[in-house]
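Letters A, B, ... are given to chains in the order of the sequence lines, protein chains preceding strands, and every chain is numbered from 1. All heavy atoms count here, side chains included; hydrogens, waters and symmetry mates do not.
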Amino acid sequence: MNNIAINYRPHIPNSTKRYENPNFRSQSPRLVNLQLLKKCTHLIEFKQIHTQIIKNPTDQPDYFLPKLVESLVNSTHMDYAYQVFKQMLQPTTFVFNTMVRGYALSGVYKDGIQFYIQMQLTGLEADNFTYPFLLKACTDLNQGKGVHSLILKSRGLGSDVYSQTSLVSFYSSHGDLEYARKVFDRIQEKNVVSWTAMITGYVKLKEYTEGLALFYRMQIEGAEINESTLVNVLCACANLGAFEMGKWIHGYIDKNKIFLNSSLATALVDMYAKCGYIRKASQLFDELPQRSVYTWNTIIGGLALHGCGVEALERFKEMQMSGGARPDAITFIGVLSACTHSGMVDKGKEYFNSMLTDYGIEPNIKHYGCLVDLLGRAGQLDEAYQVVQNMPFKPNAVLWGTLLNACNAHANVELAETVMEQLVKLEPYNDGNYVLMSNIYAAKSQWDNVANLRSFMKNKGILKTPGCTSIEVDNVIHEFMVGDSTHPQSKDIYSMLDDVARRLKAVNYLPKTTQVLLDVSEEEKRQALCHHSEKLAIAFGLISTKPKTSIRLMKNLRACGDCHLATKLISKIYDREIIVRDRNRFHHFKDGVCSCNDYW
DNA sequence: TTAGGGTTAG
């Protein structure tokens, strides 16, 4: 940035070209007023007003120039705002604040901070507006901490709720939740924005349980709750799969007649979809009076997650027909993942190729990830590998992981080993990759390699994450670990498991013992599989819910091959729909088949 | 003139 001149140098802009704006015609050409300023959007309109202010001495430049700067900043004409600023004899704190805000919002952070420094040099004192703007111009933790100490030192502003809340947002958006919470706890008179800022901090950093805990406290303390609060709480519910809480929020919205704005509607649709209620999500979506690109993306992505690919593509067509929202890069993540999760390989390729040509959207690494998944699923492993090698991005762990998954599905040891070389470098402690590789070796009966991999993991201290499945029955979440016997109804659960095992045997079910990473006998492997957390949760679901009702589960890992096979059979034997949310997607088991068509 | 909000690849 140039040095900021604060001497008054009259400047009449060159606006020789006449521009006819209908808003201007009815106004007297000499009259400058705020109404007129508010209607300006184009630079030439601002220039005309600027000329009038300078030419007409009765129009009080001291009053109108700051307002002109403000309007220019609001219209993101920063260069011209700076030109006007330079003409001011004594810029006020308001003008400096406005310039700091403008540069921060337009991403020219350094200039924002520079303006604050310049303000101090001119001897002006910061006011309660200064620090929230200045914090927006801070790009790293140290800068923010510097502003924090300035706030503490400033007269009277140490307890200003705006500055304090800005600090909460700053710290949490820079990953320091501990500091954010310290500031939050010290806010004397917390309002709905300060509470929401802290909850948002937790949610953004995936500390969903903490976010919900704070929401409970907020209610106990009788704080006001508004749409923004609920959006964040719903986001936590969606990601935790906390359906009862999410449903309660929906009831709260209805009961308190809270306006379902676009953000809140999106969060609600997303909550239903991520909690496994895709029909409810779709129905709610249909009832919405307005849909933004976010709402469309949520329903398309939600349908994709549930393997409802055809329906997702129908929604995509509907989105385009409606003309209300333009598809963006995220829409295509949903569209491509719909094709992947439903096995529509050719359609997926078509959509990928149409992104740039028909929609002007450059595919990013996530779109390439979807393409690799799509090709991998179809068994086109060489082509998938070619994409990884030739795409315009350096492949990350997700991309290699996608390819490893494809190698597992199509038992390709050779490529899997090449992929693993990369994954060991990028994610040396991700146990899931080693487990997948072990399964690939096991599928080819390469037991030596399985053993080598196991000792490699042991030497590196890499432990397999224990499987954990939860099920919600009558508003209580029951959590099961592998081999768990701590549940109060454990005896009944294991009796039910015996019944399940007997009936599975009767339909010639053979446990997939190759997927067990233990150095034990076949019988012990069978037992281990039988006691996987998913099966324990299903057995509990069978004994604690009414016949023919759906059973809903959530897992911390991907579905294991043996549990997947067993769950398909159980859905048929016991005539139950079983809906499982695993780490990546939903599986709807019904009548012996799964919505994922055995690829996940 | 200030603080908080929705969707995204294994």
Side-chain angles (χ1 to χ4, degrees), chain A residues 66-67 69-70 73-74 92-102 127-136 160-170 172-173 187 191-201 203-204 226-235 238 261-271 273-274 292-302 304-305 325 328-334 336-337 340-341 363-374 376 396-406 408 419 423 427 430 432-433 436 558 583-585 600:
Chain A
K67 290 288 172 195
V69 170
E70 185 192 7
V73 162
N74 290 341
T92 56
T93 301
F94 166 76
V95 177
F96 275 105
N97 286 347
T98 306
M99 292 302 285
V100 173
R101 174 166 68 98
D127 64 13
N128 50 324
F129 294 90
T130 308
Y131 296 118
F133 295 150
L134 186 58
L135 280 166
K136 282 205 190 298
D160 174 62
V161 70
Y162 285 92
S163 300
Q164 295 297 306
T165 305
S166 294
L167 281 171
V168 170
S169 298
F170 173 83
S172 55
S173 65
I187 301 179
N191 61 23
V192 58
V193 185
S194 12
W195 281 99
T196 305
M198 192 65 237
I199 292 174
T200 306
V203 171
K204 285 274 176 298
N226 68 14
E227 291 93 336
S228 301
T229 324
L230 298 175
V231 165
N232 282 287
V233 173
L234 281 168
C235 181
N261 64 25
S262 176
S263 303
L264 193 51
T266 304
L268 211 45
V269 171
D270 193 43
M271 182 278 294
K274 292 215 173 90
S292 69
V293 65
Y294 287 96
T295 337
W296 282 106
N297 291 350
T298 301
I299 196 66
I300 293 169
L305 205 62
D328 64 8
I330 296 168
T331 316
F332 278 95
I333 304 268
L336 295 174
S337 101
T340 305
H341 287 306
N364 63 35
I365 193 161
K366 293 184 181 176
H367 299 110
Y368 279 94
C370 293
L371 183 64
V372 168
D373 204 7
L374 193 73
N396 59 17
V398 176
L399 258 150
W400 290 118
T402 306
L403 205 49
L404 188 67
N405 198 28
N408 179 42
V419 170
L423 279 170
E427 289 184 330
N430 184 336
N433 295 332
L436 215 51
R558 281 156 32 98
R583 222 182 62 182
N584 295 333
R585 59 168 294 160
W600 66 94

**OP:** Using a heavy-atom cut-off of under 4.0 Å over every strand shown, decide if A:V192 touches base, sugar-phosphate, or nothing.
**Re:** base
Original post:
For the side chain of A:D270, counting heavy atoms from C-beta on, which of B:dT7, B:dA3, B:dG10 is nearest?
Top reply: B:dT7
Subject >> base_contact_polar (B:dG4 base, A:N226 side chain, donor-acceptor, <3.5 Å) >> reply: yes
Subject >> Residue pair A:T266 / A:S292: nearest heavy atoms and the distance that separates them >> reply: OG1-OG, 4.4 Å
Original post:
With a 3.5 Å cut-off and no angle check, do the side chains of A:D373 and A:T402 form a donor-acceptor pair?
Top reply: no
**OP:** Tell me what A:T196 touches on the nucleic acid: a base, only sugar-phosphate, or nothing, going by heavy atoms under 4.0 Å.
**Re:** base
Original post:
Of the candidate nucleotides B:dG10, B:dG5, B:dT1, which contains the atom at the shortest distance from the side chain of A:D373?
Top reply: B:dG10
Original post:
Considering only B:dT1, B:dT7, B:dA9, which nucleotide approaches the side chain of A:C370 most closely?
Top reply: B:dA9
Subject >> Length of the line joining A:K204:NZ and B:dT8:P, which is rounded to integer Å >> reply: 11 Å
Original post:
Residues in salt bridge (Lys or Arg N to Asp or Glu O under 4.0 Å) with A:K67, at least two apart?
Top reply: A:E70
Subject >> Side-chain-base donor-acceptor pair under 3.5 Å for A:N396 and B:dA9 >> reply: yes
Original post:
Are the ring of A:Y294 and the six-membered base ring of B:dT7 within the stacking cut-offs of under 5.5 Å and under 30°?
Top reply: no
Subject >> Of the listed nucleotides B:dT7, B:dT1, B:dG10, the one nearest the side chain of A:V398 >> reply: B:dG10
Original post:
Which nucleotide in the set B:dG5, B:dA3, B:dG10 lies at the smallest distance from any side-chain heavy atom of A:S166?
Top reply: B:dA3
**OP:** Measure the distance from NZ on A:K366 to P on B:dT7 and round it to the nearest whole Å.
**Re:** 11 Å
Subject >> With sequence neighbours excluded, residues passing salt bridge (Lys or Arg N to Asp or Glu O under 4.0 Å) with A:E227 >> reply: none
Original post:
If you look at every strand shown and take non-hydrogen atoms under 4.0 Å, does A:A329 touch a base, only sugar-phosphate, or nothing?
Top reply: nothing
**OP:** Answer yes or no: does a side-chain N or O of A:K136 lie under 4.0 Å from OP1 or OP2 of B:dG4?
**Re:** yes
Original post:
Expressed in angstrom and rounded to an integer, what is the separation of A:W195 atom CH2 from B:dG5 atom P?
Top reply: 17 Å
Subject >> Any donor-acceptor N/O pair under 3.5 Å between B:dA3 base and A:T165 side chain >> reply: yes
**OP:** Please report, rounded to the nearest Å, how far the C1' atom of B:dT7 is from the CG atom of A:L336.
**Re:** 15 Å
**OP:** Classify the nucleic acid contact of A:D328 as base, sugar-phosphate or nothing, counting any heavy atom under 4.0 Å across all strands shown.
**Re:** nothing
**OP:** Quickly work out the A:F332 CZ to B:dT7 P distance and round it to whole Å.
**Re:** 20 Å
**OP:** Could you check which of B:dG10, B:dT1, B:dG4 has an atom nearest any side-chain atom of A:R558?
**Re:** B:dG10
**OP:** Let me know the distance between CZ of A:F94 and P of B:dT2, rounded to the nearest Å.
**Re:** 9 Å
Original post:
Given A:V193, which of A:V161, A:N226, A:T165 fulfils the side-chain contact (heavy atoms from CB on, under 4.5 Å) condition?
Top reply: A:T165
Original post:
Under 4.0 angstrom, heavy atoms only, what part of the nucleic acid is A:S169 near: base, sugar-phosphate, or nothing?
Top reply: sugar-phosphate
Original post:
Separation of A:N297 atom CG from B:dG5 atom P, in whole Å?
Top reply: 19 Å
Original post:
Judged by modelled atom types alone, do A:N97 and A:T130 share a side-chain donor-acceptor pair under 3.5 Å?
Top reply: yes
Original post:
What is the distance from atom CG of A:N74 to atom CZ of A:R101, rounded to the nearest 0.5 Å?
Top reply: 4.5 Å
Original post:
Is there a donor and acceptor pair, one atom on the side chain of A:E227 and one on the base of B:dG4, closer than 3.5 Å?
Top reply: no
Original post:
Nearest to the side chain of A:N261 - B:dA9, B:dT7, B:dG5?
Top reply: B:dG5
Original post:
Any donor-acceptor pair under 3.5 Å joining the side chain of A:N191 to the base of B:dA3?
Top reply: yes
Subject >> A:T98 and its side-chain contact (heavy atoms from CB on, under 4.5 Å) partner, picked from A:T93, A:T92, A:V69 >> reply: A:V69
Original post:
For A:D160, which contact category applies under a 4.0 Å heavy-atom criterion: base, sugar-phosphate, or nothing?
Top reply: nothing
Original post:
Within this structure, what is the CG-to-P distance between A:L268 and B:dG5, rounded to whole angstrom?
Top reply: 19 Å
Original post:
Is there a donor and acceptor pair closer than 3.5 Å between the side chain of A:N232 and the base of B:dG4?
Top reply: no
**OP:** Remember a base hit wins even if backbone is also touched, and classify A:I199 as base, sugar-phosphate or nothing at under 4.0 Å, heavy atoms.
**Re:** nothing
Original post:
Quick one: which of B:dT7, B:dG10, B:dA3 gets closest to the side chain of A:Y162?
Top reply: B:dA3
Original post:
Counting side-chain heavy atoms from C-beta on, which of B:dT7, B:dG10, B:dT8 comes nearest to A:L423?
Top reply: B:dG10
Subject >> Residue A:I333, side-chain heavy atoms: nucleotide from B:dT8, B:dT1, B:dG4 that is nearest >> reply: B:dT8
Original post:
Which part of the nucleic acid does A:T130 contact within heavy-atom distance under 4.0 Å: base, sugar-phosphate only, or nothing?
Top reply: nothing
**OP:** Tell me what A:N405 touches on the nucleic acid: a base, only sugar-phosphate, or nothing, going by heavy atoms under 4.0 Å.
**Re:** sugar-phosphate
